[in-house]
Amino acid sequence: MTNAQIAAALEELAVLYQLDGADHYRVLAYTNSARTIKNEGRSVEEMALAGTITELPGVGKTLEEKIVALVETGEIPAAAKLKEKIPEGLLEISRIQGLGPKTVRRLYDELDVTGPDDLRAAAEAQKVRAMKGLGPKVEEKILTGLDKLEAEPEGPTRLRLDEIRPVAEELAAALRDNPNCERAEVAGSVRRWTETCKDIDLIASSTSPKELAAAIAEHELVAEHGNPNETGIRLTTNSGIGVDVRFVAPEAFGHLLQHFTGSGPHNAELRERAVARGLHVSENGIKDDSTGETEFFATEEEIYERLGYRYIVPELREDRGELDAAAAGELPELVERSQIKGDLHSHTTLSDGVGSLEEMAAAAEALGYEYLAITDHSESHGFGNNVEADRLWQRIEEIAELNHEGRGIRLLSGSEVNIHPNGSVDYDDDLLEELDWVIASIHTAFSDDADRNTGRMITAIENPQVDCIGHPTGRLINRRDPYPLNIERVIAAAVENDTMIEINSNPRRRDLNEIHARMAAEAGVKIVINTDAHRPETLELIEYGIATARRAWLTPDQVQNTRSWWK
DNA sequence: GCCGTTTTCGGCCCGACTGTTTTCAGTCG
C-alpha cells in the first residue's frame, strides 16, 4: 500500500469523524497525520509493520493501531463502522464549497438528506431555507455546488505550475506597471514553486488601492471580477484560474506576503511555536503579550528574525523541518540556477527533438553552459524516432567535429537508452563505452508489480555503462501515476553502484519529486538536474528542476552538474 | 488524538468572510 493510499484512508476517516460530530482536534489529528504520511519518503507500510511508525510526528498509539490494521486487512475497522452509520453520499456533498460537516450533518438529521440527489430535491423544494440559521443564499450555493459536483466528480484539478505561473507573473507585472502601485508580489503556492497550484495570490501596496483594483479588473486576461475595494479584489481569468489580489500598507507588506505565501502547515507551526513565547503571529502583525503591543515589519526577513529564525526561503516553507533548522542556524545553502554548468539530457531531430545539433548547442551556450549532453533515444525506441547503432557511431563523429571546430560549449555524445523488461539496455558495450554519457530510462512495458519494476531498474543501475537513471518513476503530473517502484531499494542500489539519478525538470514530470530527491541525496545519491529538452527553448525549463531540488533541500555539492565536466 | 522549557491533563494558530442574525456559528485558507 502506497503512502498516498494510506493518507487518503486517513483523510476519509477524518471526514467520517467530522460528520459523526467528533471533537475538532481529534479530526485535526487525522488530517495532520495524513499530511505527514504524504510528506514521508520511506514506505509507511513497512514502518507500520516494523513498529517504527510512531517515530513520525503526530502518529501515536491509536493511529499506529489503525494504520497497521489498514495495511494488514485493507481497511480501518473504525472507518468501516462509521460507514455503516453514515451514508456515503454525505462524504460527497461535504465537498461542496461552503458546505461544512456541521451543516451536512444537520441536513441529514433534519431533512433526511443522504446524498446529492436528496439534497437537490430538498433545496429545490425550499426546505433548506426553512432550517434555523440557513436561508435562500445557502440554498442557492448548494444548487450551484451540486452542479459543479456533477461537472467535476473528481473535484477541481489543481493546475500544473507551468500552466499557472506565467499568468501570475503577467498579472503581477501589470500591477507594477500601474502608476498607483508601489509594490506587487506573487505569493501563495506559485511563489513556493509547488508542483500544482489551486489559484493565484497577489499582494500589492498602493496609495489608491480602489483604483488599482479597478484597473487590474480590466486586464485582458481577466474574464470576471468581484467588487474592487480597499482590501483587494477577486478575479477569474479567461482560463478559469481564480486570482486573489490583496492590498496592504507598505509598512506591513512583509506580514501579508508571509501569510499568503504559506504554506498553511508552515504558518500554523510557526504560530504555535510563537505562542509558547508569548507572541501571536497573524497577517496583521506580531502581538507581544508582555507589552500588549502589535509590531509591524515591512520585510519577511525581519519577521523571521523577530521570531528567532534565520530567513526561510518560500520553497522550504512546508513544515518539513525548516523551522528547527532555521532556529538552529542550520538551513542548507540551496542550489541555485546560476550554479548549473551544463545540461545532461537533451534531444535533437535525430530522434524526437525539433532542434538540430547546432541549434541545441547554440541555445545551451546562450544559457552560459560549459557543456551539453546530446542524449537522443536509442535503438528500440520506435515511433520512427529510434537511432540505430550505425547512426549513433556516426553521430559521435559529428559531435567530435563540432567540438573540434571550437565553440564556446562542449557537446557530449550520449544516449538515453531504453531499459528493457529484463533490465538490459540498448546497444553493445563497445558503443556505450565510446559515449561520454549514458542515461537509462524506462519508456515501455510499465509493470504493475513493484518488485519487477524495481528489479529491472536495479539491473540497469548495476550496469557499469549506465551513468544515470532518467525520469525514474515515469509519472506525468495530473495525467499518469508513477509506476509502482520501491524507491528505497533503487536509492540503495544507486549509492552502492555510484550511479546518478536525475531530477527531470520538465514541469509535467519533475521526477524525482522533491520528497524522493531529498531522501536520495541524504542517502548519498549523486543528483543531476536535467531538462530532457526536445527543443532549444525548453532548455530554459531547468528552473522547474532547480525548484524541485531546492524544495528537496539540495545543496550545490549534491548536484553533479554544478561541476565542470572534467570534475 | 497527540503531546510536554508550566504539563501524563488540558490544552491545541489566527483572522476574514458569509449569511444569518441582532451577536454569532460555520467555513475557509
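Within every chain, numbering begins at 1; the chains are lettered A, B, ... in the order of the sequence lines, protein sequences first and strands thereafter.
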In whole angstrom, what separates A:Lys137's NZ from B:dG26's C1'?
16 Å
Decide yes or no for A:Ile487 and A:Ile491: does some side-chain heavy atom of the first lie under 4.5 Å from some side-chain heavy atom of the second?
yes
B:dC13 and B:dT18: how far apart are their P atoms, nearest whole angstrom?
25 Å
When rounded to the nearest Å, what value does the distance between P atoms of B:dT20 and B:dC28 take?
16 Å
For a quick check of understanding: with a heavy-atom distance under 4.0 Å over all strands, which category does A:Phe260 fall into, base, sugar-phosphate or nothing?
nothing
Length of the CG-C1' vector between A:Leu28 and B:dG10, whole Å:
16 Å
Can you confirm whether A:Arg106 sits close enough to A:Met131 that some side-chain heavy atom of one is under 4.5 Å from a side-chain heavy atom of the other?
yes
Rounded to whole angstroms, how far apart are CG on A:Leu134 and C1' on B:dG26?
10 Å
At under 4.0 Å between heavy atoms, what does A:Gly98 touch on the DNA or RNA strands: base, sugar-phosphate, or nothing?
sugar-phosphate
Students often get this wrong, so: under 4.0 angstrom with heavy atoms, is A:Val27 touching a base, only sugar-phosphate, or nothing?
nothing
Considering only atom C1', compute the distance from B:dG10 to B:dG15 and round it to an integer number of Å.
24 Å
I want to verify a distance call: between B:dT20, B:dC14, B:dG1, whose nearest atom is closest to the A:His280 side chain?
B:dC14
Give a yes/no answer on whether the side chain of A:Asn284 brings an N or O atom under 4.0 Å of OP1 or OP2 in B:dA16.
yes
Same-atom distance (P) from B:dG1 to B:dT5, integer angstrom:
23 Å
With nearest nucleotides of DNA chain B determined for A:Lys102 and A:Val59 from heavy-atom distances, which residue corresponds to the more 5′ nucleotide?
A:Val59
For the residue pair A:Gln258 and A:His266, establish whether any side-chain heavy-atom pair is separated by less than 4.5 Å.
yes
Can you tell me the distance, in whole Å, between the CE atom of A:Met131 and the P atom of B:dA25?
17 Å
Distance between the C1' atoms of B:dT7 and B:dC12, in whole angstroms?
13 Å
What nucleotide, of B:dT27, B:dC14, B:dG1, holds the atom closest to the side chain of A:Leu63?
B:dG1
Give a yes/no answer on whether the side chain of A:Thr103 brings an N or O atom under 4.0 Å of OP1 or OP2 in B:dT27.
yes
Does a side-chain N or O of A:Lys66 approach OP1 or OP2 of B:dG1 to a distance below 4.0 Å, or not?
yes
From the options B:dC13, B:dT20, B:dG1, select the nucleotide whose nearest atom is closest to the side chain of A:Glu272.
B:dC13
Test A:Arg317 against every option in A:Glu269, A:Glu300, A:Glu322 by the salt bridge (charged side-chain N to carboxylate O under 4.0 Å, His left out) rule and name the one that passes.
A:Glu300
Rounded interatomic separation in angstrom, taking CG from A:Asp201 and C1' from B:dC28:
13 Å
Proximal nucleotide (of B:dC13, B:dG19, B:dG1) relative to the A:Lys141 side chain
B:dG19
Of A:Leu554, A:Asn513, A:Asp511, which meets side chain to side chain contact (heavy atoms under 4.5 Å, CB included) against A:Ile503?
A:Leu554
Nearest to the side chain of A:Val275 - B:dC14, B:dC17, B:dG19?
B:dC14
May I ask which nucleotide in the shown strands pairs with B:dG11, Watson-Crick or G-U wobble, both distances under 3.5 Å?
B:dC2
Using a cut-off of less than 4.0 Å, is there contact between a side-chain N or O of A:Tyr25 and OP1 or OP2 of B:dG1?
no
Atom P, compared across B:dT8 and B:dC14: separation rounded to whole Å
23 Å
Remember a base hit wins even if backbone is also touched, and classify A:Pro265 as base, sugar-phosphate or nothing at under 4.0 Å, heavy atoms.
nothing
Provide, to the nearest angstrom, the distance between the NE2 atom belonging to A:His24 and the P atom belonging to B:dC28.
13 Å
Check whether any side-chain N or O of A:Lys287 sits under 4.0 Å from OP1 or OP2 of B:dC14, and answer yes or no.
no
Starting at the 5' end of DNA chain B and moving along, which residue's nearest nucleotide shows up first, A:Tyr17 or A:Gln97?
A:Tyr17
With a 4.5 Å heavy-atom cut-off, do A:Leu63 and A:Tyr30 have their side chains touching?
yes
Please measure how far the P atom in B:dC2 lies from the corresponding atom in B:dT6, and state the result in whole Å.
23 Å
Using the C1' atom as the point on both nucleotides, what is the distance between B:dT23 and B:dC17, in whole Å?
16 Å
Round to a whole Å and report the spacing from CD1 of A:Ile303 to P of B:dC13.
19 Å
On a heavy-atom basis, which atom in A:Gly308 and which in A:Arg277 lie closest, and how many Å separate them?
N-NH1, 4.3 Å
Taking CZ from A:Arg317 and P from B:dG29, how many angstroms apart are they, rounded to a whole number?
20 Å
Among B:dC17, B:dT20, B:dG15, find the nucleotide with the atom closest to the side chain of A:Val138.
B:dT20
What nucleotide, of B:dT20, B:dC14, B:dC2, holds the atom closest to the side chain of A:Thr62?
B:dC2
If you take all heavy atoms of A:Arg246 and A:Phe260, which pair is closest and at what distance?
NE-CZ, 3.2 Å
